[in-house]
Amino acid sequence: MLRRSILPFRPWKFKIPAGFPPTPPSTRSSAAASAAATAEEEVDLSVPSSRSPDREETTKVRVRNPRRFLRDPWVSRLVFCHNLAGRGMIEDLRELLKQMIVDEGSNSSPTLCGILSDNFKGWDCNGLIWDNLANVYAETEMVHDALFVLGKMIDLNIQASILTFDSLMYSLRCTGLLCAPVEVACSENTYNTLIDSLCKQFRLNEAIRLFQEKRGCEFRPCIVTFNNFICCSCNMGYVGLANSFFSMMIKHGFIPNKYSYNTILHGLCGAGLMEEALRYSEDMERYGVEPDVVTYNVLVYGYHLLGMKSEAQKLIQRMVVKGLEPDIVTYTILISGHCRGGDVEEGLVMRQELLSRGFQLNIITYSVLLDCLFKMGRVDGVDWLVEEIRAVGLDLDHIAYSILINGYCRAGDIDRAIQLCRIMYIKKIPPNSYVHGAVLSYLCKREMLSDARWILDKLIESGQLLDVVLYNIVIDGYAKAGDMDDAVGLYEQIFNSGLTPTIVTFNSLIHGFCKSGMLNKARVLLHSLSLHGLSPNAVTYTTLMDAYRGEGNINVIVELLHEMVAKGVAPNVVTYSVIMKGFCEQGQMWVSRKILKDMYDKCISPDQIAYNTLIQGFCEAGNVEMGFFLHDEMLQKGLEPSPVTYNLLFNVLCLHGDLKNADRLLDMLVEKGVKLRKFAYSTVIQAHCIKGNACKAVLYFDKMVKAGFEISIKDYSAVINRLCKRNLLNDAKVFLKMMLRDGIPLDLELYVVMLNASRRQGDHRFEIELQAIIITSGLLCE
DNA sequence: GTAGGGTTAG
């Protein structure tokens with residue numbers, strides 16, 4: 001039986017969200033809807049009295065429009081509810097209420113409350129029904145409905161039980177709808193629920209204040225209170241604080257349980273502090289708390305974040321030895337590890353293995369694979385995987401949808417993305433800020449800024465508290481387009497919306513000012529960050545450094561490097577690449593070379609762009625050997641040279657006329673199936689044309705076509721132009737034939753080039769042929 | 001208490 005509060009209803013402040021309740025759908029016709037105009041009549045109903053619940057007695061109750069009243073399914077179910085309440089069958093009552101609200105779904109509270117207040121006023125158990133209705137809505141996580149019922153209870157002066165408050169607060173703890181407590185008598189659990197609520201909303205300071213104020217006199221913390229503090233501290237990135245709470249828990253006489261250990265382990269692993277995490281896991285065993293699957297999963301996740309695959313494998317073996325079976329979370333972490341390493345194939349193989357062993361994957365595992373397929377540019381693989389998700393009977397959830405929408409937007413398929421948005425609405429999973437962000441990014445990348453702004457303004461007008469990321473995306477769009485007035489205007493609007501800018505907001509503004517040549521403004525912005533409680537990061541400094549590099553000011557770059565290091569901001573691979581480029585542009589390639597070596601000492605792995613920067617520096621200075629040496633070094637370090645690396649090498653070989661090596665390299669790479677850009681082929685082809693070796697030019701042109709590149713008139717013109725310049729008209733004719741055969745018509749520019757060459761060589765016959773071609777094409781009308 | 005999604009720099 002529910003314990004009824006003896007206090008008047010004045011427990012907590014709740015924010016009833018704007019726009020709630022929504023207008024009830026017209027399909028929900030009920031006795032309440034038409035009862036207002038009808039007079040009350042007395043009818044006999046079999047309703048047990050709460051005073052003598054054992055006896056079923058016929059009670060006369062007054063209702064409006066009795067015929068309609070008894071026919072209405074909602075009313076008859078509520079009569080039954082009263083019947084159950086009167087017999088003290090509270091569990092059955094709650095089950096029936098739950099069934100009713102689950103059938104009707106969210107937003108059903110206005111209708112239900114309407115029926116209750118219009119038809120059951122004065123019934124013996126009515127208060128109990130209201131209280132349980134609020135309670136069941138809260139337990140079913142329909143918090144807006146629960147709040148609506150409570151609001152009506154206040155209006156009708158019906159008391160709510162403490163259990164209902166606790167249940168509601170528990171449901172509200174993640175929503176931000178729960179405010180500070182006012183004068184109230186609390187159950188044992190109330191403060192713990194409120195601390196949990198504040199922690200879930202990342203309001204750690206308030207939670208700590210409440211803990212300090214109320215501890216001892218008004219409530220006694222329990223182990224869950226401390227676990228909540230540990231969890232919140234970890235989630236907010238304060239692992240040190242989490243450690244303190246862990247110690248405090250022990251000082252209060254609590255023995256940490258597996259939840260305490262797993263929570264702190266998760267915090268430590270997430271922060272990359274594996275050694276400390278392992279120490280905790282050893283302590284755990286020492287104090288008799290047996291590690292479970294979650295413990296191992298958390299540790300495996302820690303290794304996964306550090307990219308330590310073999311350690312993760314060892315841990316899984318240990319887990320199996322201890323008799324624990326890896327579960328779907330373990331496998332998802334492993335699949336995610338393969339995906340993060342760029343090996344989606346391995347992830348898919350693992351999925352296949354699991355399926356063959358009869359293992360059911362869930363939507364999270366599939367989401368990891370979908371996201372990776374998009375990031376690897378494997379959009380083709382997405383369709384069949386989505387098909388598989390449907391075939392195994394899984395529904396896409398909001399994250400899976402946002403992965404798909406983001407992926408399609410990035411792949412440029414906006415139609416597909418919008419189609420999915422529509423499906424989300426139909427499925428009642430309204431697109432959230434991740435989805436809005438994907439569409440805004442799509443528009444901004446295509447400089448469709450007025451469209452992006454229109455959408456953002458509509459979202460702002462809708463009155464929802466927007467995510468600052470959405471502002472950041474559009475501000476960055478303006479900054480990249482050099483429109484700093486609008487960028488700054490939108491930045492100011494962030495404050496009007498009650499939000500605060502982030503470091504990303506400022507980085508975009510700094511980038512914009514740099515791009516617009518206002519480096520001083522950018523630097524002022526850097527130093528104003530602290531006023532907003534923000535600290536510059538590697539992106540901030542790197543953006544500024546790159547701007548000064550553009551001005552050839554290596555001194556300021558070095559100054560900024562010192563400043564960032566002094567402020568504890570670690571330079572990353574992008575920072576070093578910019579600095580290397582700066583030195584290379586000053587002709588100091590060997591300084592850059594030293595920086596690259598230093599990166600290894602600092603455990604920052606140079607990537608392809610870092611190597612390409614240095615290779616470009618040496619190649620432009622004419623040091624071909626060093627270019628190739630660095631290429632070899634990349635291979636030694638297990639770094640696959642990128643198409644840009646090869647562009648640089650082919651370019652330098654051709655510039656130096658070393659076509660022998662250029663051919664050799666091209667043949668070797670084609671044979672090895674290395675992916676090259678068209679630039680690599682056309683550089684070699686053109687170099688052969690310049691040298692007058694048309695045969696080789698034809699040979700590599702053919703290879704370029706076979707490599708699957710789309711060939712345009714520009715490619716033919718480049719070759720024909722060069723051959724004509726060397727008066728190799730017959731070879732130029734070969735390419736012209738190939739071009740016409742490929743269905744590419746002659747244009748006026750190329751016609752003039754070839755006409756002049758044929759006139760120079762007195763090839764009148766070809767002159768006439770050319771004129772015939774050009775007239776047939778309709779380009780020469782006169 | 002464990003696994004999945006968006007914005008910024010070369």
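Per chain, numbering begins at 1; letters A, B, ... match sequence-line order.
- Between A:Arg378 and A:Glu345 a salt bridge is recorded (basic side-chain N to carboxylate O distance below 4.0 Å).
- Heavy atoms of A:Ala610 sit under 4.0 angstrom from at least one base atom.
- Looking at heavy-atom distances under 4.0 Å, A:Val469 makes contact with a base.
- Within the 4.0 angstrom heavy-atom criterion, only backbone atoms of the sugar-phosphate kind lie near A:Ile473; the bases stay farther away.
- Taking all atoms of both residues into account, the shortest heavy-atom contact from A:Ser508 to A:Ile475 is CB-CG2, 4.3 Å.
- Among the atoms of the strands shown, only primed sugar atoms or phosphate atoms (P, OP1, OP2) are found under 4.0 Å from some heavy atom of A:Thr543.
- Set against B:dG5, B:dG4, B:dT2, the side chain of A:Ala400 has B:dG4 as its closest nucleotide.
- Residue contacts shown for A:Ser433 include a base, since a base heavy atom lies under 4.0 Å away.
- Nearest nucleotide to the side chain of A:Asn507, out of B:dA9, B:dT8, B:dG4: B:dT8.
- Here B:dA9 presents its C1' atom at 13 Å from CD1 of A:Ile557, a figure rounded to the nearest Å.
- At the phosphate of B:dG4, OP1 or OP2 sits under 4.0 Å from a side-chain N or O atom of A:Tyr301.
- At a threshold of 4.0 angstrom between heavy atoms, the contacts of A:Asn362 include nucleobase atoms, whether or not backbone atoms are also involved.
- Residues A:His304 and A:Glu311 bring no donor and acceptor atom of their side chains to less than 3.5 Å of each other.
- Considering only the side chain of A:Asn297, B:dT2 comes nearest among B:dG6, B:dA3, B:dT2.
- Across all strands, A:Asp607 comes closer than 4.0 Å to base atoms (heavy-atom distances).
- Atom pair A:Ile503:CD1 and B:dA9:C1' shows a separation of 12 Å (rounding to whole Å applied).
- Among the heavy atoms of the strands, none lies under 4.0 Å from A:Leu404.
- The shortest distance between side-chain heavy atoms of A:His532 and A:Phe506 falls below 4.5 Å.
- The environment of A:Arg318 atom CZ is sparse: at most 12 non-hydrogen atoms of other residues, nucleotides or ligands sit within 6.0 angstrom.
- Among the atoms of the strands shown, base atoms are found under 4.0 Å from some heavy atom of A:Ile609.
- Between the CD1 atom of A:Ile328 and the C1' atom of B:dG4 there is a distance of 12 Å, rounded to whole Å.
- At the phosphate of B:dA3, OP1 or OP2 sits under 4.0 Å from a side-chain N or O atom of A:His266.
- With distances taken from any side-chain atom of A:Ser577 to the nucleotides B:dG10, B:dG6, B:dT8, the minimum falls on B:dG10.
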Trace of the side chain to side chain contact (heavy atoms under 4.5 Å, CB included) decision for A:Ile418 with A:Ile414
CA-CA 6 Å; A:Ile418 288 172; A:Ile414 190 75; 3.8 Å; yes
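- Atom CG in A:Asn406 sits roughly 6 Å away from atom C1' in B:dG5 (whole-Å rounding).
- Closest contact between the side chain of A:Ile333 and the listed nucleotides B:dA3, B:dG5, B:dT2 involves B:dA3.
- Across all strands, A:Val435 comes closer than 4.0 Å to no nucleic acid atom at all (heavy-atom distances).
- Separating the CG atom of A:Leu305 from the C1' atom of B:dT2 is a distance of 12 Å, rounded to the nearest angstrom.
- The side chain of A:Tyr434 has B:dG5 as its nearest neighbour among B:dG5, B:dT7, B:dG10.
- No hydrogens or angles were tested; on distance alone, a donor-acceptor pair under 3.5 Å links the side chain of A:Asp467 to the base of B:dG6.
- Of the candidates B:dT7, B:dG10, B:dT8, B:dT7 carries the atom nearest the A:Ser441 side chain, counting heavy atoms from C-beta on.
- If you check every strand for non-hydrogen atoms under 4.0 Å, A:Lys480 touches sugar and phosphate atoms only.
- Note on A:Lys581: every side-chain N or O is 4.0 Å or more away from OP1 and OP2 of B:dA9.
- You'll find that the side chain of A:Val539 is closest to B:dA9, out of B:dG10, B:dA9, B:dG5.
- Checking B:dG4, B:dG10, B:dG5 against the side-chain heavy atoms of A:Ser367 singles out B:dG4 as nearest.
- No hydrogens or angles were tested; on distance alone, a donor-acceptor pair under 3.5 Å links the side chain of A:Asp397 to the base of B:dG4.
- In A:Tyr238, the OH atom is not crowded: 12 or fewer heavy atoms of neighbouring residues, nucleotides or ligands sit closer than 6.0 Å.
- Of all nucleotides listed (B:dA9, B:dG10, B:dG5), B:dA9 comes nearest to the side chain of A:Asn572.
- Between the CD atom of A:Glu585 and the P atom of B:dG10 there is a distance of 13 Å, given to the nearest Å.
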